[in-house]
Amino acid sequence: MSRIPVTILGATGVVGQRFVQRLAQHPQFRIQHLAASERSSGKTYAEACAWRIEGEPYGGLGSQVLVPGAPDTAFSPVVFSALDSGPAAELEPRFAQAGALVFSNASAFRMEADVPLLVPEVNPEHLGLLTLQRERRGWAGGILCNPNCTATVLVMALAPLQAAFGIEAVLMTSMQAVSGAGYPGVPSLDILGNVVPFIRSEEEKVEEETPKLLGAFQGGGIQPASLAISALCHRVPVVEGHTEAVSVKLRGNPSVEQVREALAAWKPLPQRLGLPTAPEVPIRLHTAEDRPQVRRDVEQDGGMSVHVGRIRPCPLLGIKFSLLGHNTHRGAAGGSLLNAELAVAMGVLSAGVRS
Ligand code: NAP
């Protein structure tokens with residue numbers, strides 16, 4: 001099968017680099033255009049971008065010239081957007097109108113009623129919203145978003161519990177990596193030896209995106225899950241990997257063992273389909289009393305699985321556990337890539353493809 005050409009918008013950033021890294025050897029997609037801001041376009045990728053992640057620098061594309069991020073210079077049938085929210089709001093609809101399927105990491109369109117907010121293990125049926133979006137907006141392509149990284153990791157653990165028992169309430173306290181703020185992110189003098197109990201808009205994003213993600217696709221729209229949720233978000237001196245302390249109130253008050261069984265038995269659609277970026281085991285369950293840990297666990301499975309440990313009774317809500325996931329793999333580029341693989345598998349890509 002010939003590989004589908006793709007564009008990366010925001011290729012020079014933290015998430016853009018992860019896209020380049022993950023797409024270098026991808027069986028279904030090949031990088032056609034790399035785009036960034038006006039500051040960078042016209043320069044080679046190596047000139048414009050300081051490569052800051054492991055692996056082959058620039059994914060072997062250091063001499064490729066960056067193009068302006070507009071449809072007339074950077075069109076491909078599939079566009080991966082690692083743009084900040086401001087430029088995403090302006091540029092992503094232009095690509096969708098031109099016929100591209102845009103897989104966005106930005107928050108600009110996540111909560112729009114006709115935009116799928118997707119985690120393929122959690123809510124693949126929400127892809128159906130794309131038909132409504134195309135009808136409403138008259139687009140040949142479309143925009144599909146992945147959630148905020150903290151919400152992504154959280155719903156990976158909540159989805160099997162929602163399916164097995166139903167969820168009434170969630171209390172989540174995060175300890176989030178500095179790479180979540182992009183590059184250069186939080187100044188070293190603010191974060192070394194410190195914990196910052198504020199990440200702008202993060203708690204609001206987790207609290208509004210989680211019910212949409214766990215909601216039901218019915219009557220052409222998403223009926224948000226009816227659950228109470230409170231998020232408390234903190235920045236910590238960790239490079240990659242968000243840790244979350246989760247307490248959850250489940251219907252029927254299941255035991256710790258029943259919760260463990262529900263998480264272990266979960267085999268969602270991407271794993272059944274064998275999508276290339278799907279981890280074989282979506283939730284790694286830990287039994288050691290001091291796991292999961294960022295340094296020891298977060299890179300497992302290419303950063304695409306999430307880790308659950310210390311499942312135990314919670315005097316407040318019934319069950320509590322520790323959760324860990326990779327913010328720039330599962331929470332960003334890897335999640336977006338998995339969305340595109342789902343779109344290919346479900347046949348929605350062909351309607352938007354223009355060569
Ligand atoms: P970043 O490191 O700051 O990179 C931003 C990228 O956007 C750069 O390539 C930049 O290009 C480009 N850009 C900025 N202004 C532009 C404009 N006006 N036109 C075209 N391109 C422009 O940010 P990031 O951490 O990679 O995040 C990218 C997106 O993913 C954000 O929306 C973020 O919220 C989301 N996200 C990030 C994470 C994470 O863990 N980092 C997780 C989930 C979602 P130049 O180099 O030319 O300035």
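Counting starts at 1 for both ligands and their atoms, in listed order. As the structure is a prediction and not an experimental result, all values here were calculated from the model.
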the protein heavy atom lying closest to atom 22 (C) of ligand 1 turns out to be S37 CB, 3.6 Å
Would you call R260 and E257 a salt bridge, using N to O less than 4.0 angstrom?
yes
Could you tell me the residue and atom name of the protein heavy atom closest to atom 35 (C) of ligand 1, and the distance to it rounded to 0.1 Å?
N105 O, 3.3 Å
Can you sort out which atoms of ligand 1 are near A36, meaning under 4.0 Å from one of its heavy atoms?
11 (O), 20 (C), 21 (N), 47 (O)
Starting from atom 28 (C) of ligand 1, what is the nearest protein heavy atom, named by residue and atom, and what distance separates them?
A82 O, 3.1 Å
Can you sort out which atoms of ligand 1 are near A332, meaning under 4.0 Å from one of its heavy atoms?
42 (C), 43 (C)
N/O separation below 3.5 Å, A181 to ligand 1
no
Could you tell me if the side chain of R330 sits less than 4.5 Å from the side chain of L338, heavy atoms only?
yes
Over all heavy atoms of both residues, which pair between A225 and Q162 is shortest? Give the atoms and the distance, please.
CB-NE2, 3.8 Å
For atom 26 (O) of ligand 1, what's the nearest protein heavy-atom neighbour? Residue, atom name and distance, please.
V15 N, 2.8 Å
Do the side chains of V6 and F103 get nearer than 4.5 Å, heavy atoms only?
no
Under 4.0 Å from any heavy atom of S40, which atoms of ligand 1 are there?
45 (P), 46 (O), 47 (O)
Ring geometry between Y58 and Y45 (parallel below 30°, tilted from 30 to 60°, perpendicular above 60°)
perpendicular
Distance to 0.1 Å, residue and atom name: give those for the protein heavy atom nearest to atom 31 (C) of ligand 1.
L83 O, 3.3 Å
Between the side chains of K212 and E208, is the shortest nitrogen-to-carboxylate-oxygen separation below 4.0 Å, so that they form an ion pair?
no
Protein heavy atom at shortest distance from atom 25 (O) of ligand 1
G182 CA, 3.0 Å
Given G331, G241, P68, which has its nearest heavy atom closest to atom 43 (C) of ligand 1?
G331
Which of the numbered atoms in ligand 1 are under 4.0 angstrom from any heavy atom belonging to N327?
40 (O), 42 (C)
Nearest to atom 48 (O) of ligand 1, what protein heavy atom do you find, and at what distance?
R39 NH2, 2.6 Å
Quick one, N148 with E202, criterion side-chain hydrogen bond (donor to acceptor under 3.5 Å, both in side chains). Give me CA distance, side-chain angles, the key distance, then yes/no.
CA-CA 8 Å; N148 164 276; E202 193 78 356; 3.0 Å; yes
Which of the atoms in ligand 1, numbered in the order shown and given with their element, are less than 4.0 Å from a heavy-atom of V14?
2 (O), 25 (O), 26 (O)
If hydrophobic clusters are built from ILVMFWY residues whose side chains come within less than 4.5 Å, do F80 and V15 share one?
yes
Any idea which protein heavy atom is nearest atom 9 (O) of ligand 1, and the distance to it?
T12 OG1, 2.6 Å
Evaluate the side-chain proximity of N146 to N105: yes if any heavy-atom separation is below 4.5 Å, no if none is.
yes
Checking contacts here: is it the side chain or the backbone of S179 that comes within 4.0 Å of ligand 1, counting heavy atoms only? Could be both or neither.
backbone
With a 4.5 Å limit on heavy-atom distance, are the side chains of F321 and L263 in contact?
no
Applying a 4.0 Å heavy-atom criterion (strictly less than), which segment of P87 is in contact with ligand 1: side chain, backbone, both, or neither?
side chain
Quick one: which ligand 1 atoms are inside 4.0 Å of a heavy atom on A106?
32 (O)
With a 4.5 Å limit on heavy-atom distance, are the side chains of R18 and E240 in contact?
yes
Side-chain heavy atoms of V236 within contact of T243, under 4.5 Å:
no
Hey, is ligand 1 close enough to G13 that some N/O pair sits below 3.5 Å?
yes
Just which atoms of ligand 1 are under 4.0 Å from any heavy atom in Y183?
2 (O)
